[in-house]
Amino acid sequence: MSAMNKRVIGVIAIVFITFLIYIPAMLGGFIWDDPSFLTENPIIKAGNGLYRFWLSTEPPDYFPLTSTTLWVEWRLWGMNAAGYHIINVLLHILSALLIWAILNRLKIPMAWLAALVFAVHPVNAEAVAWITQRKTTLPMVFYLASIFLYLRFEKTNCSRDYGLSLLSFLLALLSKTSVIMLPFVLLGCAWWQRGRIDRGDVRRSAPFFLVALILAVVTIWFQYNRSIGDDIVRTDSFLSRMAGAGAAVWFYLYKALWPRELIFVYPRWEIAAASVVSYLPGLALLALMFYVWRHRTTWGRGVLFGLGYFIVTLFPMLGFFNIYYMRYSLVADHYQYQSIIGIIALAVGCGYYVFKKLNANFRRWVVVAVAVVVGLLSLQTWTI
């Protein structure tokens, strides 16, 4: 079978399986804050809504591109929730296909399987099945497109690819600034491919950092002046937040590897800043990263890249900055939508290297086991 035929079959498989398991979501309705975000949002219904989303401080947050898609779709679907759900599922599928392409360019083994696992992973169901999380699925597509185009630019040195990559990043930020860590991801990819980060890498990433900084300032202003306002989200100290950040990383890692008992709103943690125990998760994480760093020239290289990506992209969601949702919970499944790629790729890649060392009889059972795991993940996403 030719490489082209294999790619076509791979695309069809991801599209078909993802559509299948998200049928319940596409048949679902509006939940939680979907009314305030969409169906009862006066700006969505207003004829001058696009102007108000892009050029006014009236909205509670600044993600005008996401709001634009919903403004257009309101005129297409109205109160028919299926249309919004289908678009979210299509965006999720597109992200999975882009992940496949990116991992292939980075020469990470079993890229297709990693993309499929991302597509069916139940942790991602919250971002896909909740219409309001268009502000998660839409920026993800532009974020991944930016990475793919940047990697292609590094290979071809085509200035158009570089410009399109920067434009895609800007569109991602205008969809939601949760993707703000992308410049660090680009530097991480440079290290992964060449074993170092040189001045050229820093110079090429500088415009990405500048765009990220500008949109970060805008987002912080909207969060503190419009979304949060006079409401009190958190009163805990920096030390408490630092302790909570360490625990949050382990929480997300646990849910990525063992996605059981997923909850729409997790109970809000109470962190005792005066207790040494509260800092143990963070200290354990630092110890793990230091140990892996010491072995970065051998087995630790892939682990450092995957785990490092996971932690870096999680940073905006770890509680150092006030996010209105943290009035209810300090963690949420949709917060790790872009970060989970690192753990999935790492787990699949490690599994591949173990697989290569097995004899033919054991390999057959491993293939069966992988199919069962993918099936169980898919079933949980269907029933979640």
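Each residue takes its place number in the sequence, starting with 1. Because only heavy atoms are used, hydrogens play no part in the values below, and waters and symmetry mates are left out as well, while side chains stay in.
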Engineer: So which heavy atom on Phe310 is nearest to which on Leu253, and how close?
Structural biologist: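 Smallest interatomic distance, heavy atoms only, reads CZ-N, 3.7 Å.
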Engineer: Applying ring pair (Phe, Tyr, Trp, His ring centres under 6.0 Å), name anything that partners Phe321, two or more places apart in sequence or on another chain.
Structural biologist: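 Expected list: none.
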Engineer: For the ring pair Tyr22 and His92, is the centre-to-centre distance below 6.0 Å?
Structural biologist: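 Yes; His92 has its ring centre under 6.0 Å from that of Tyr22.
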Engineer: How many angstroms lie between CG in Leu318 and CG in Leu330, if you round to the nearest 0.5 Å?
Structural biologist: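 Here the interatomic distance stands at 10.5 Å.
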Engineer: Between Phe208 and Tyr150, is the gap from one ring center to the other below 6.0 Å?
Structural biologist: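 Ring-ring flag for Phe208/Tyr150: true, centres closer than 6.0 Å.
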Engineer: We want to know whether Arg52 and Asn48 form a side-chain donor-acceptor pair, criterion being a heavy-atom distance below 3.5 angstrom.
Structural biologist: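 Arg52 vs Asn48: donor-acceptor pair found between side chains.
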Engineer: Is a salt bridge present between Glu73 and Arg134, judged by a nitrogen-to-oxygen distance below 4.0 Å?
Structural biologist: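 Looking at Arg134 together with Glu73, the answer is yes, because their closest N to O distance falls below 4.0 Å.
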Engineer: Roughly how far, to the nearest 0.5 Å, is OG of Ser378 from CG of Leu116?
Structural biologist: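 Answer rounded to 0.5 Å: 6.5 Å.
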Engineer: Give me the atom names and distance for the closest heavy-atom approach of Met181 to Val312.
Structural biologist: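 Closest pair (atom of Met181, atom of Val312, distance): CG-O, 3.4 Å.
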Engineer: Walk me through whether Ser168 and Ser146 qualify under side chain to side chain donor-acceptor pair (under 3.5 Å).
Structural biologist: CA-CA 5 Å; Ser168 293; Ser146 179; 5.6 Å; no
Engineer: Check whether any side-chain heavy atom of Met140 lies under 4.5 Å from a side-chain heavy atom of Leu98, and answer yes or no.
Structural biologist: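 The answer is no, as the side chains (C-beta and beyond) never meet within the 4.5 Å cut-off.
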Engineer: Indicate whether the side chain of Thr156 and that of Asp161 have a donor and an acceptor atom separated by less than 3.5 Å.
Structural biologist: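 Side-chain D/A pair, Thr156 to Asp161: present.
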Engineer: For Arg268 versus Tyr328, what's the shortest heavy-atom pair and its separation?
Structural biologist: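 Distance-wise, the nearest heavy atoms are CB-O, 3.5 Å.
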Engineer: Can you confirm whether or not the ring centre of Trp269 sits under 6.0 Å from the ring centre of Phe251?
Structural biologist: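 Between Phe251 and Trp269, which both carry aromatic rings, the centre distance is below 6.0 Å.
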Engineer: Which pair of non-hydrogen atoms, one from Ala127 and one from Thr137, has the smallest distance, and what is that distance?
Structural biologist: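 Minimum heavy-atom contact is O-CG2, 3.5 Å.
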Engineer: What distance separates Leu167 CG from Leu171 CG, expressed to the nearest 0.5 Å?
Structural biologist: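 The CG atom of Leu167 sits 4.5 Å away from the CG atom of Leu171.
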Engineer: Can you tell me which residue pairs pass the side-chain hydrogen bond (donor to acceptor under 3.5 Å, both in side chains) test with a partner in residues 276-296, sequence neighbours excluded?
Structural biologist: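 Counting only pairs at least two positions apart or across chains, the side-chain hydrogen bond (donor to acceptor under 3.5 Å, both in side chains) contacts touching residues 276-296 are His295-Trp299.
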Engineer: Below 4.5 Å, heavy atoms only, C-beta onward: do Val123 and Tyr337 meet side chain to side chain?
Structural biologist: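 A side-chain contact under 4.5 Å is absent here.
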Engineer: Quick check: closest heavy atoms across Gly302 and Leu346, and the distance to 0.1 Å?
Structural biologist: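 Where Gly302 meets Leu346 most closely, the heavy atoms are O-CD1, 3.7 Å.
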Engineer: State, without any angle test, whether Tyr266 and Asp333 hold a side-chain donor-acceptor pair at a distance under 3.5 Å.
Structural biologist: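 Short answer, yes.
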Engineer: For a 4.5 angstrom cut-off between non-hydrogen side-chain atoms, does Cys189 reach Phe305?
Structural biologist: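 They are in contact (side-chain heavy atoms under 4.5 Å apart), so the answer is yes.
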Engineer: Please find the pair of heavy atoms, one from Phe169 and one from Val179, that lie closest to each other, and give the distance.
Structural biologist: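 Heavy atoms of Phe169 and Val179 come nearest at CE1-O, 3.5 Å.
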Engineer: Counting heavy atoms not belonging to Phe16, are there more than 12 under 6.0 Å from its CZ?
Structural biologist: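 No, not enclosed.
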Engineer: For the residue pair Phe184 and Phe209, does the interplanar ring angle fall in the parallel (under 30°), tilted (30 to 60°) or perpendicular (over 60°) class?
Structural biologist: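 Perpendicular, since the angle between the ring planes exceeds 60°.
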Engineer: With a 6.0 Å cut-off (strictly less than), is the heavy-atom count around OH of Tyr352, excluding the residue itself, greater than 12?
Structural biologist: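 Open.
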Engineer: Between Glu154 and Arg194, is there a side-chain N and carboxylate O pair less than 4.0 Å apart?
Structural biologist: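 Salt bridge: yes.
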Engineer: Applying side chain to side chain contact (heavy atoms under 4.5 Å, CB included) between Leu182 and each of Val211, Ile147, Leu187, report the one that passes.
Structural biologist: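 So, applying the side chain to side chain contact (heavy atoms under 4.5 Å, CB included) to Leu182 and each of Val211, Ile147, Leu187, only Ile147 qualifies.
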Engineer: Are Phe264 and Trp32 close enough that their ring centers fall under 6.0 Å?
Structural biologist: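 Centroid distance Phe264-Trp32: below 6.0 Å, so yes.
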Engineer: By side chain to side chain donor-acceptor pair (under 3.5 Å), which residues pair with Thr136, not counting sequence neighbours?
Structural biologist: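 Counting only residues at least two positions away or on another chain, Thr136 forms a side chain to side chain donor-acceptor pair (under 3.5 Å) with Gln133.
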Engineer: For the residue pair Trp130 / Glu126, report whether a side-chain donor-acceptor contact shorter than 3.5 Å exists.
Structural biologist: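 Per modelled atom types, Glu126 and Trp130 side chains form no pair under 3.5 Å.
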Engineer: Is the ring centre of Tyr62 less than 6.0 Å from the ring centre of Phe53?
Structural biologist: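 Aromatic pair excluded; centres sit 6.0 Å or further apart.
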Engineer: For residues Trp112 and Asn104, is any side-chain donor paired with an opposing acceptor at under 3.5 Å?
Structural biologist: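 Side-chain D/A pair, Trp112 to Asn104: absent.
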Engineer: Quick one, Cys158 and Arg152 - any side-chain contact, counting heavy atoms below 4.5 Å?
Structural biologist: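 No, their side chains stay 4.5 Å or more apart.
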Engineer: Measure from NZ or CZ of Lys135 to the centre of the six-membered ring of Phe37 and say whether it is under 6.0 Å with the direction within 45° of the ring axis.
Structural biologist: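 Yes, a cation-pi geometry holds between Lys135 and Phe37.
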Engineer: Got Asn361 and Arg364 here, is their nearest side-chain heavy-atom distance under 4.5 Å?
Structural biologist: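 When only atoms from C-beta onward are counted, Arg364 and Asn361 do touch, with a gap below 4.5 Å.
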Engineer: Exactly one of Arg204, Arg199, Arg203 should register a side chain to side chain donor-acceptor pair (under 3.5 Å) with Asp201. Which one does?
Structural biologist: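 It is Arg204, the one option of Arg204, Arg199, Arg203 that forms the side chain to side chain donor-acceptor pair (under 3.5 Å) with Asp201.
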